[in-house]
Colleague: 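The following block contains the structure, expressed as structure tokens.
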2 protein chains.
Amino acid sequence: MESAPQRKKRVTITDVARHAGVSTAAVSKVLRNAYGVSASMQERVRSAMAELDYRPHAAARGMRGRTYTIGVLLDNIRNTFFADILDGIRDELHDSEYTVMIGAAGFDAASQAKTIRSMVDRQMDGLILIAPGTPRAEVLAMAQSTPTVVIGHHDASDIHDSVLDADGLGAGLVVDHLVSLGHRDIALVSAPGTRTGKWARTPEIVLTNGYLEAMERHGLGAHARVHKAAYSDEGGYKAGMSLLTAERRPTAIMTGADVAALGVWRAAHEIGLRVSEDVSLAGYNNTALADLATVQLTSVDQAGHTMGSTAARMLVERVEGHRDRAAQVTMTPRLVVRDSTGAVGGD
Amino acid sequence: MESAPQRKKRVTITDVARHAGVSTAAVSKVLRNAYGVSASMQERVRSAMAELDYRPHAAARGMRGRTYTIGVLLDNIRNTFFADILDGIRDELHDSEYTVMIGAAGFDAASQAKTIRSMVDRQMDGLILIAPGTPRAEVLAMAQSTPTVVIGHHDASDIHDSVLDADGLGAGLVVDHLVSLGHRDIALVSAPGTRTGKWARTPEIVLTNGYLEAMERHGLGAHARVHKAAYSDEGGYKAGMSLLTAERRPTAIMTGADVAALGVWRAAHEIGLRVSEDVSLAGYNNTALADLATVQLTSVDQAGHTMGSTAARMLVERVEGHRDRAAQVTMTPRLVVRDSTGAVGGD
DNA sequence: CCCGCCGTAGAGAACGTTATACAAAACCTC
DNA sequence: GAGGTTTTGTATAACGTTCTCTACGGCGGG
């Protein structure tokens, strides 16, 4: 049996060296633009590389030095907020020599951990973890060996960098807005705490605290109600069903993610309630979803693109050793009012 | 200056071998469950690996054998249809030893090519390319050295496998549906052909042909109108604006992607047209977007999840050498009627 | 003119794994 | 039990890079 015509031999550094009539060490130096190469050598090697269409073998590089790969972990591609962050990362890294690889691990903590380990095992130069559900200890252990930026969690650390949003403030903005519209019965739909493996200050915890404080501040502490639900259409739907069929129905619902708000919307729709007129609804993250013509959801913008580019920049600083101590950047959220919130009992 | 406490030494195969009192070769055999290991050896090595918490170093593996990594290329994470495909891939590979890494390269052909090359350079075992915009020759060259499955393009090849949807049929389903509602002026919004580097049968081309044939079949050839636009909210919006303000306004618009349909919707909304009553609107892919309570978009389901899992299965077959010739799988689309399409001039 | 120095190039040892080739041991078969 | 076969484990040469260390040639200064 004649086997497939696979396996065209790769061009290696040795081929380039031979073709240029120099040593592999010299080629390697040019490749890493290391110290100790003359201009003529540069020239010679570069043209040899071009002629042979040489591309370094990343796996081999990984054995000794860097792989020029940045890994990004996220739980759920459907949350378009993450897409904003990714765009920021990509734009920042676009004309650097780094390649971004995304690991979409789902909500399950175990498979997230597996994915993070995979990235470390693949010798990635740096990791960006978006609100990881993995136990904190695991993340710290990984960050020990690979530069890491954690996005979302407020728990600071001197081992990894952090980029986060002042979620507490953001929750306050929404509550203030709703109260100014006359609402008093304001419920919050936030992610379940089960995913928090020793993270004391996940976005949802901070958000919830911000909500509770704001309610307190307005003298509405007794009206506060927090419903836990996954940040997905389905999670929002269930939460919406439960809240909107309760005996004392809230006049306004805010959620920690736009996608969940749309689930609530679906529930309201099914029950026969009009959003804005019968129940005000606010999301979080100001994703593209919120701006759809048929949606027009009031939401909180937390500048995902900027978060992404900031994270990427910080990570590269660390990878390249320009900075040797952890840093933390906090973004300020901004309220975006659209049609889904209205005066209480309004028509 | 005291440097960071980085670099905890990794546990290597040598450590495991020493700890178990055997040779590294033996450990390697166990690792790959190769032929020639006794049960007792298995046992001994496995427990040593467990005790030391050993994880193989993927970069080192890549030097000789496989990396157990599958790369997935997509242009745009915001297209939730791709999320369906990815879920399919993930579910299929979930409890295999393969890790999935996603490269989100954007629409630009050059950066897609760069991403594909990155994946090959990282010695990934197999590639799944979702409707790549890269020139066909480039894809074939890469497929030469790495097993590849192309999703979407109808161009068959004996070098890579293909998974695709009968898009021509799908377009026909929509046209038939709209005609049955009394529509005659039916416009199509499809992706621009610029991204086709020698692909003769991209999804958009096949879709367009299907649309034209169906219109012809109904004697509406003269009414056919195709508008090119990017499959994004913005692209759909521009197309919608242009079509809906034209002198002869279509009574129905179908798009090649749900996300573009929502852009059209936004345009209609701005112009003051009601979707369904004033203009019927149909999308494609039946993504989660189409099913939102406030959207309810008629769309064509092409079973993204199944496409993903099929592609993954086919790829693994190839990677592991169980199949040595290219294969092609075609899915049948199904129309999902929702509220966005109605009788012409209906109210 | 010899010594030390600097800038550049090359030799060669890693890195952690796979896989081939072989030695040793165990098991058959007559 | 001799001869053959099969099973089991080991030694070791790759794989394609990086990077340290050494060699060399030229040059300025004493």
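Residue numbers begin at 1 in each chain, while the letters A, B, ... track the order of the sequences.
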Colleague: Going through the distances and angles, do B/His19 and B/Glu51 end up as a side chain to side chain contact (heavy atoms under 4.5 Å, CB included)?
Modeller: CA-CA 9 Å; B/His19 191 264; B/Glu51 274 167 46; 2.8 Å; yes
Colleague: Rounded to the nearest angstrom, tell me the gap between atom CZ in B/Arg55 and atom P in C/dT17.
Modeller: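 Result: 11 Å.
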Colleague: Using atom types as modelled and distance alone, determine if a side-chain donor or acceptor of B/Asp161 lies under 3.5 Å from a backbone N or O of B/Gln328.
Modeller: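 No.
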Colleague: If you compare all heavy atoms of A/Val45 against all heavy atoms of A/Ala20, which two are closest, and at what distance to 0.1 Å?
Modeller: CA-CB, 4.5 Å
Colleague: Give a yes or no on whether the backbone of A/Thr24 and the side-chain of A/Ser28 come within a donor-acceptor separation of less than 3.5 Å.
Modeller: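 No, the answer is negative, given that no donor and acceptor are paired below the 3.5 Å cut-off.
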Colleague: Where is the tightest heavy-atom contact between B/Leu164 and B/Gly152, given as atom of each residue plus distance?
Modeller: CB-O, 3.9 Å
Colleague: Tell me: OH of A/Tyr35 to P of C/dA9, nearest whole Å?
Modeller: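 Nearest whole value for this atom pair: 11 Å.
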Colleague: Rounded to the nearest Å, what distance is computed from the CE atom of residue A/Met63 to the P atom of nucleotide C/dG12?
Modeller: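 The distance from CE of A/Met63 to P of C/dG12 comes to 21 Å, rounded to the nearest Å.
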Colleague: Let me spell it out: for each of B/Ser40 and A/Thr14, pick the nucleotide of DNA chain D with the closest heavy atom. Which residue's pick is nearer the 5' end?
Modeller: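 By nearest-heavy-atom nucleotide position, the 5'-most residue is B/Ser40.
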Colleague: Report yes if at least one side-chain N or O of A/Tyr54 is closer than 4.0 Å to OP1 or OP2 of D/dT17; otherwise report no.
Modeller: yes
Colleague: Could you state the CG-C1' distance from B/Asn33 to C/dT18, rounded to the nearest angstrom?
Modeller: 14 Å
Colleague: Answer yes or no: does a side-chain N or O of B/Ser23 lie under 4.0 Å from OP1 or OP2 of D/dT10?
Modeller: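 True: B/Ser23 side-chain N/O within range (under 4.0 Å) of D/dT10 OP1/OP2.
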Colleague: Bend angle of the helix from C/dC1-D/dG30 to C/dC30-D/dG1 from five-pair axes at both ends, rounded to 10°?
Modeller: 40°
Colleague: Please report the interatomic distance CZ(B/Arg61) to CZ(A/Arg122), rounded to the nearest 0.5 Å.
Modeller: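 Rounded to the nearest 0.5 Å, the CZ-CZ separation comes to 9.0 Å.
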Colleague: What integer distance in Å separates B/His57:NE2 from D/dT17:C1'?
Modeller: 13 Å
Colleague: I'd like to know whether B/Asp87 forms a salt bridge (charged side-chain N to carboxylate O under 4.0 Å, His left out) with A/Arg78, so could you lay out the CA-CA distance, the side-chain angles of the two residues, the decisive distance to 0.1 Å, and finally the verdict.
Modeller: CA-CA 10 Å; B/Asp87 280 349; A/Arg78 286 170 209 277; 2.4 Å; yes
Colleague: Between A/Asp121 and B/Ala58, is there a donor-acceptor pair closer than 3.5 Å when you use the side chain of the first and the backbone of the second?
Modeller: no
Colleague: Could you state the atom-to-atom distance from CE of B/Met41 to P of C/dA25 in whole Å?
Modeller: 15 Å
Colleague: Calculate the interatomic distance between B/Arg18 atom CZ and C/dG16 atom C1'; express it in whole Å.
Modeller: 13 Å
Colleague: Could you run down the sub-3.5 Å N/O contacts of the protein with nucleotides 18-21 of chain D?
Modeller:
{"from": "D/dT18", "atom 1": "OP1", "to": "A/Arg61", "atom 2": "NE", "distance (Å)": "3.0"}
{"from": "D/dT18", "atom 1": "OP1", "to": "A/Arg61", "atom 2": "NH2", "distance (Å)": "3.4"}
{"from": "D/dT18", "atom 1": "OP2", "to": "A/Ser28", "atom 2": "OG", "distance (Å)": "2.8"}
{"from": "D/dT18", "atom 1": "O2", "to": "A/Arg64", "atom 2": "NH1", "distance (Å)": "2.6"}
{"from": "D/dC19", "atom 1": "OP2", "to": "A/Arg32", "atom 2": "NH1", "distance (Å)": "2.9"}

Colleague: Do any pairs count as a ring pair (Phe, Tyr, Trp, His ring centres under 6.0 Å) and have a residue in residues 33-70 of chain A, sequence neighbours left out, and if so which ones?
Modeller: A/Tyr68-A/Tyr98
